[in-house]
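Here the structure is a predicted model, which means the values were calculated and not measured. Sequence lines set the chain letters: A, B, ... in the order given, protein chains first and strands last, and positions in each chain run from 1.
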Number of protein chains: 2
Amino acid sequence: MKKHKLIIADDHKMFLDGLLSILAAKKEYEIVLTANSGKNVAKYLDINNSKEPIDLVVTDVNMPELNGIELNRHIKEKHQKVKTLVVSMLHDAMTVQTLTKDNVDGYVPKNAEKDELLTAIETILRGEKYFSQSIKDVYLKGMFSNEQTLMQSLSKREKEVLKLIAQEFTTQEIADKLFLSKHTIESYRKNLISKLEVRNLAGLTKYAIKLGLLEE
Amino acid sequence: MKKHKLIIADDHKMFLDGLLSILAAKKEYEIVLTANSGKNVAKYLDINNSKEPIDLVVTDVNMPELNGIELNRHIKEKHQKVKTLVVSMLHDAMTVQTLTKDNVDGYVPKNAEKDELLTAIETILRGEKYFSQSIKDVYLKGMFSNEQTLMQSLSKREKEVLKLIAQEFTTQEIADKLFLSKHTIESYRKNLISKLEVRNLAGLTKYAIKLGLLEE
DNA sequence: AACAAACTCACGGTAAACGGGGTAAAACAC
DNA sequence: GTGTTTTACCCCGTTTACCGTGAGTTTGTT
């Protein structure tokens, strides 16, 4: 019987050790590489995958250099045959949605049982998808939450203005910055307040943060 | 040689498995209990510790029911002889400060090497403290960051007002709510703006969030 | 071509926030 | 028991935000 070739990636070394000890005990699997960043996985695949094709990459979401989302995207673009399984904390709905949109093959939270992880891996290697119930819950909840819908209901310009508002710029300053009339910005402000169902600048600011419009 | 009795607690089962496999391989240690919440550890100690004293509790910070901070506090109050080692992600300075204030015996981030974990445990069992360099860095950085200082520079009343401001209440509404003159609230508003070095409500709101004054 | 979004601008009014300047009693610390 | 911080209060002037209502123009879709 041919062993399935796996890569596992997580920046928490102890967790990586844990995964490794679970998977190395199974003779069906060969751990070809363990990595603490997505970049190392991508690099490895880009160089070696044609010679020695990998079956599955098990990866965390939060990683330096190239995170799990980006790694999954890279794999699904450049190495379509390689399956991906995300093993991470429970993330927000958007993360899950992004991953599924990018055709990830499975998602198991880190608080799952060992057995569920093994089931997930088997299922995926058979060519099916595997998502834990809690992940499906998050996904569905996200579908009907208004955060997501509201974000989509905002146009590009509205998001731009919202961002500047939350960055403490006044209407006049934003108008100057965008070469628009201050009346225009006032309109946006009004629309944002009614669309997001908030009362004032404080509510707008909170939404800007929630929607991830602010970096620093 | 008498084995040291350990308890490990983490709500991520796979990580727990990892820890277990690392520690169970060492014959110096006996894993008396693995738990996925702080409450279970506290309960166990409260009932059994007099008969069969535990030497060390290894715990995560983020856990349901009773988190690592609360668990550590409980242990240091009720079971002074039991050492505690936190193994968790890198947390903010305040978490680390709270833990050290509560006399935790060590802190190792989850991305540490297996060997460092073992070193930490040995050190602590010898009666010394062990903190990874990255944890010390976070601690020191927190000492000189202004977020912490600013938070302390705010009085109770100021925090209360700031919270209400960020909750989208107007000056008048806050005045009514706290049975104060609206002039008073205006003063607080001004002081907050100058203390926190922001320009307006948006900046105040961001600080309220950063300082953790808002729940939902 | 028709239609809907998205984007732009305008006016008038009320309410609120912002900025600068104060006073003063109570609580806490040294 | 003197000094500092906290809490609470006041006035005034200016700016900005908020609200309603409306309307032209561009852009993309079917």
Side-chain angles (χ1 to χ4, degrees), chain A residues 146-214, chain B residues 101 143 146-214:
Chain A
N146 38 11
E147 196 165 308
Q148 192 64 8
T149 348
L150 284 176
M151 183 59 163
Q152 285 163 355
S153 79
L154 296 187
S155 71
K156 216 174 191 176
R157 205 50 150 175
E158 283 172 328
K159 285 182 213 162
E160 190 177 13
V161 173
L162 176 55
K163 183 178 169 183
L164 291 167
I165 289 174
Q167 283 174 345
E168 302 178 58
F169 294 108
T170 67
T171 297
Q172 186 61 61
E173 287 169 344
I174 297 170
D176 294 346
K177 218 175 261 282
L178 302 180
F179 304 105
L180 293 174
S181 155
K182 88 174 189 188
H183 300 292
T184 306
I185 307 300
E186 270 182 3
S187 292
Y188 279 115
R189 213 180 188 108
K190 278 183 288 189
N191 285 334
L192 286 166
I193 285 178
S194 82
K195 270 192 185 178
L196 300 177
E197 293 176 322
V198 296
R199 297 182 65 191
N200 58 26
L201 185 43
L204 291 179
T205 306
K206 285 189 280 182
Y207 254 107
I209 292 173
K210 220 183 279 181
L211 299 180
L213 296 175
L214 297 170
Chain B
K101 197 162 50 63
M143 296 287 298
N146 42 8
E147 196 165 307
Q148 191 66 7
T149 341
L150 284 177
M151 183 58 161
Q152 285 165 354
S153 79
L154 296 186
S155 72
K156 217 173 190 176
R157 206 52 151 172
E158 283 173 328
K159 285 182 212 161
E160 191 178 12
V161 173
L162 176 56
K163 182 179 170 183
L164 291 167
I165 288 174
Q167 282 174 345
E168 301 179 57
F169 293 109
T170 66
T171 297
Q172 186 61 61
E173 287 168 344
I174 296 171
D176 294 345
K177 219 177 263 280
L178 301 181
F179 304 105
L180 293 174
S181 154
K182 91 172 190 188
H183 301 293
T184 307
I185 307 301
E186 270 179 2
S187 291
Y188 280 115
R189 211 180 188 106
K190 277 183 288 190
N191 285 334
L192 285 167
I193 285 178
S194 81
K195 270 193 185 177
L196 300 177
E197 292 178 321
V198 296
R199 295 183 67 190
N200 59 24
L201 185 43
L204 290 179
T205 307
K206 285 190 280 182
Y207 254 106
I209 293 173
K210 219 183 282 180
L211 299 181
L213 296 176
L214 296 171

Tabulate protein N/O versus nucleotide N/O from nucleotides 25-30 of chain C, keeping only pairs under 3.5 Å, one per line.
none

Give the C-alpha distance, both sets of side-chain angles, the deciding distance and a yes or no for side chain to side chain contact (heavy atoms under 4.5 Å, CB included) between Thr171(A) and Ile165(A).
CA-CA 8 Å; Thr171(A) 297; Ile165(A) 289 174; over 6 Å; no
Kindly compute the distance separating CZ (Phe169(A)) from NZ (Lys163(A)), expressed to the nearest 0.5 Å.
10.0 Å
Out of curiosity, Ile193(B) CD1 to Leu204(B) CG, how far, rounded to the nearest 0.5 Å?
5.0 Å
Look at Tyr188(A) and dC9(C) and indicate whether a side-chain polar atom (N or O) is within less than 4.0 Å of OP1 or OP2.
no
Could you walk me through whether Leu162(A) and Arg189(A) pass side chain to side chain contact (heavy atoms under 4.5 Å, CB included), step by step?
CA-CA 8 Å; Leu162(A) 176 55; Arg189(A) 213 180 188 108; over 6 Å; no
Could you give the NE2-to-P distance, from His183(B) to dG19(C), as a whole number of Å?
18 Å
For dC9(C), does either OP1 or OP2 sit under 4.0 Å from a side-chain N or O belonging to Thr184(A)?
yes
Take the protein atom CD1 of Ile185(B) and the nucleotide atom C1' of dA17(C), then report the distance between them rounded to whole Å.
14 Å
Among dC11(D), dC9(C), dA8(D), which nucleotide sits nearest the side chain of Leu180(A)?
dC9(C)
Leu178(A) has an atom CG; how far is it from atom P of dC9(C), in whole Å?
10 Å
Show me, pair by pair, the donor-acceptor contacts under 3.5 angstrom made by side chains of residues 174-187 of chain B, not counting sequence neighbours?
| from | atom 1 | to | atom 2 | distance (Å) |
| --- | --- | --- | --- | --- |
| Asp176(B) | OD1 | Gln172(B) | NE2 | 3.1 |
| Ser181(B) | OG | His183(B) | N | 2.9 |
| Ser187(B) | OG | His183(B) | O | 3.2 |

Measure CG/Leu154(A) against P/dA6(C) and give the value in whole Å, please.
10 Å
Lys182(B) has an atom NZ; how far is it from atom C1' of dC18(C), in whole Å?
13 Å
Would you say the side chain of Leu192(A) lies within less than 4.5 Å of the side chain of Lys195(A), judging by non-hydrogen atoms?
no
Nearest-Å distance, CG (Asn191(B)) to C1' (dT5(D))?
12 Å
Just how far is it from atom OG1 of Thr170(B) to atom CG of Leu201(B), taken to the nearest 0.5 Å?
10.5 Å
Quick test: give all pairs of protein nitrogen or oxygen and nucleotides 13-17 of chain D nitrogen or oxygen below 3.5 Å, distance rounded to 0.1 Å.
| from | atom 1 | to | atom 2 | distance (Å) |
| --- | --- | --- | --- | --- |
| dA17(D) | OP1 | Arg189(A) | NH2 | 3.3 |
| dA17(D) | OP2 | Thr171(A) | N | 3.0 |
| dA17(D) | OP2 | Thr171(A) | OG1 | 2.7 |

Salt bridge check, Glu173(A) against Arg199(B): does any charged N sit closer than 4.0 Å to a carboxylate O?
yes
Of Lys156(A) and Arg199(B), the one whose closest DNA chain C nucleotide lies more 5':
Lys156(A)
In whole angstrom, give the distance that lies between atom CD of Glu168(B) and atom P of dA17(C).
12 Å
Separation of dT5(D) P from Lys159(B) NZ (nearest whole Å)
16 Å
Contact check, side chains of Val198(B) and Lys206(B), non-hydrogen atoms, under 4.5 Å:
no
One thing to verify: whether Glu160(B) and Arg157(B) come together as a salt bridge, which I'm taking to mean a side-chain N less than 4.0 angstrom from a carboxylate O.
yes
Using atom types as modelled and distance alone, determine if a side-chain donor or acceptor of Lys159(B) lies under 3.5 Å from a backbone N or O of Ala208(B).
no
Please write out the pairs of protein N or O atoms and N or O atoms of nucleotides 21-29 of chain D separated by less than 3.5 Å, giving the distance to one decimal.
| from | atom 1 | to | atom 2 | distance (Å) |
| --- | --- | --- | --- | --- |
| dT21(D) | O4 | Lys190(A) | NZ | 2.8 |

Within the structure shown, what part of the strands sits under 4.0 Å from Ser181(A) by heavy-atom distance: base, sugar-phosphate, or nothing?
sugar-phosphate
May I ask you to decide if Thr205(B)'s main-chain N or O and Lys210(B)'s side chain share a donor-acceptor pair within less than 3.5 Å?
no
